[in-house]
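Numbering of residues begins at 1 and proceeds along the displayed sequence. Scope of the values below: all heavy atoms of this structure, side chains included, with no hydrogens, waters or symmetry mates. Just so it is clear, the model here is predicted, and its values are computed rather than measured.
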Amino acid sequence: MRQSPGAIRGFGIPMTPGKSNPHRTVSLLSLSVALNTGIFMAEVVGGLLSGSLALLSDALHNLTDTFSLLTAFFALRLALRTRTPRKTYGYRRAEVLAAFVNTLLLFGVAAYLVWEAAERFFYPSPLWLQLALPVAVVGLLGNFGSAALLFSASRESLSIRSAFVHLVADTLSSCAVVLGIGMAGYLGWMWLDPLVGLGVVVFVLWEAFPLFGKTIHILMQGTPPHVQPEILKRRLETVAGVENIHHLHLWSLNEREHYAEFHVVTTCTTLQEVDVLRQEIAAILRKEFDIHHSTIQFECQLCDNGDLIVQE
């Protein structure tokens, strides 16, 4: 029977496929891109004038966020394009490719943060606190606002979610910058900034690895996680007219659209009976396994290799 995919790891946010408004999401992405570009420019100027390495590194994180948002934006625009004879699936897998690129960027950001943390432990730099701290606060508020804009859409798209994780990671990074600048300026706790930065690295990796695994699984045409092939086989073999299910293939186009193809040994004797059986099987796949696209080959006898998963 169908199993609920449940919440995606991190934040406890459940996926709610099929309920998004893609045109509204495109608008939110456009606004987030503009907001993050402004934050990047403000932090670059503030970092150069104040001598704050923390602000400059946070500006780089925001530049990475802007790139990830642009990637998700163009992926979603591609996904909205219609199918063609040359692209029979359309461009909807572009969202998964965007998520793959963005998770690789998350690994890059994590590596950079480790390097920066080590640098700050051993080579602390003087700060112009009166400029650095207000700019850091602006960056924090901007990152938080961008993440809030995409919170809802992040439940419905891998590419949007990977961009959302970028924003949350950078919001935490901005918290570290604000905290580090504040403590360094007022209390002289120079060790706090790199310590919090390492905490951000742990968070980034905690979120990046599950996203990376999910995108790789889809790109490798892995079985949808909520479907067990053996359970699907046993369920369909309880249908009158079905003797055996074999040569089963299950895969996902993206996190919302799942496909199946398989052979059915049937006792039906007329084309009309076969068609009725096909409709019944399709209804079970749709209602119990969330599989809305199926290709079924009907047979009167078992293939020479009748395994559930064919061994080529």
Side-chain angles (χ1 to χ4, degrees), residues 5 7-11 13 15 25-26 28-30 32-33 35-37 39-40 43-44 56-79 89 91-119 143 146-147 149-151 153-174 176 197-222 224-225 251-257:
I8 298 297
R9 183 177 176 181
F11 308 109
I13 300 173
M15 295 293 286
T25 302
V26 167
L28 292 175
L29 279 170
S30 302
S32 294
V33 167
L35 186 57
N36 272 267
T37 301
I39 296 169
F40 165 72
E43 289 190 329
V44 166
L56 289 175
S57 65
D58 202 47
L60 179 60
H61 304 161
N62 274 293
L63 182 62
T64 307
D65 289 340
T66 301
F67 180 77
S68 70
L69 289 167
L70 282 170
T71 304
F73 173 80
F74 286 115
L76 188 56
R77 290 295 298 269
L78 279 174
Y89 281 106
Y91 293 83
R92 290 192 297 279
R93 186 161 276 185
E95 294 180 83
V96 182
L97 289 172
F100 176 74
V101 172
N102 287 337
T103 50
L104 289 180
L105 284 173
L106 283 173
F107 292 135
V109 169
Y112 176 78
L113 286 172
V114 170
W115 177 268
E116 282 298 317
E119 285 285 320
N143 284 315
S146 293
L149 283 174
L150 296 183
F151 174 76
S154 70
R155 297 178 294 176
E156 297 146 1
S157 166
L158 271 178
S159 62
I160 304 298
R161 179 167 177 78
S162 61
F164 171 76
V165 171
H166 268 278
L167 291 170
V168 174
D170 211 49
T171 300
L172 292 179
S173 177
S174 294
L198 288 175
V200 175
V201 171
V202 172
F203 169 80
V204 169
L205 294 177
W206 180 264
E207 289 296 322
F209 278 112
L211 282 170
F212 187 72
K214 188 176 181 68
T215 55
I216 288 292
H217 187 74
I218 292 176
L219 291 174
M220 292 297 293
Q221 295 186 300
W251 72 98
S252 300
L253 183 62
N254 50 43
E255 73 272 22
R256 298 179 299 276
E257 299 177 81

Considering only heavy atoms from C-beta outward, does the side chain of [X] approach that of [Y] to under 4.5 Å?
X: Thr103; Y: Lys214; value: no
X: Asn254; Y: Glu257; value: yes
X: Thr37; Y: Val33; value: yes

Return the [atom1] to [atom2] distance between [X] and [Y], rounded to the nearest 0.5 Å.
X: Thr171; Y: Phe164; atom1: OG1; atom2: CZ; result: 8.5 Å
X: Leu149; Y: Leu35; atom1: CG; atom2: CG; result: 7.0 Å
X: Ser32; Y: Leu167; atom1: OG; atom2: CG; result: 6.5 Å

Would you please classify the geometry between the Phe209 ring and the Phe107 ring as parallel, tilted or perpendicular, with 30° and 60° separating the classes? tilted

Which atom pair, heavy atoms only, marks the closest approach of Val96 to Leu253? CG2-O, 4.0 Å

Distance-minimising heavy-atom pair for Leu219 and Arg93: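 The answer is CD2-CD, 4.1 Å.
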
Would you please name every residue forming a side chain to side chain donor-acceptor pair (under 3.5 Å) with Ser146, sequence neighbours left out? Asn36

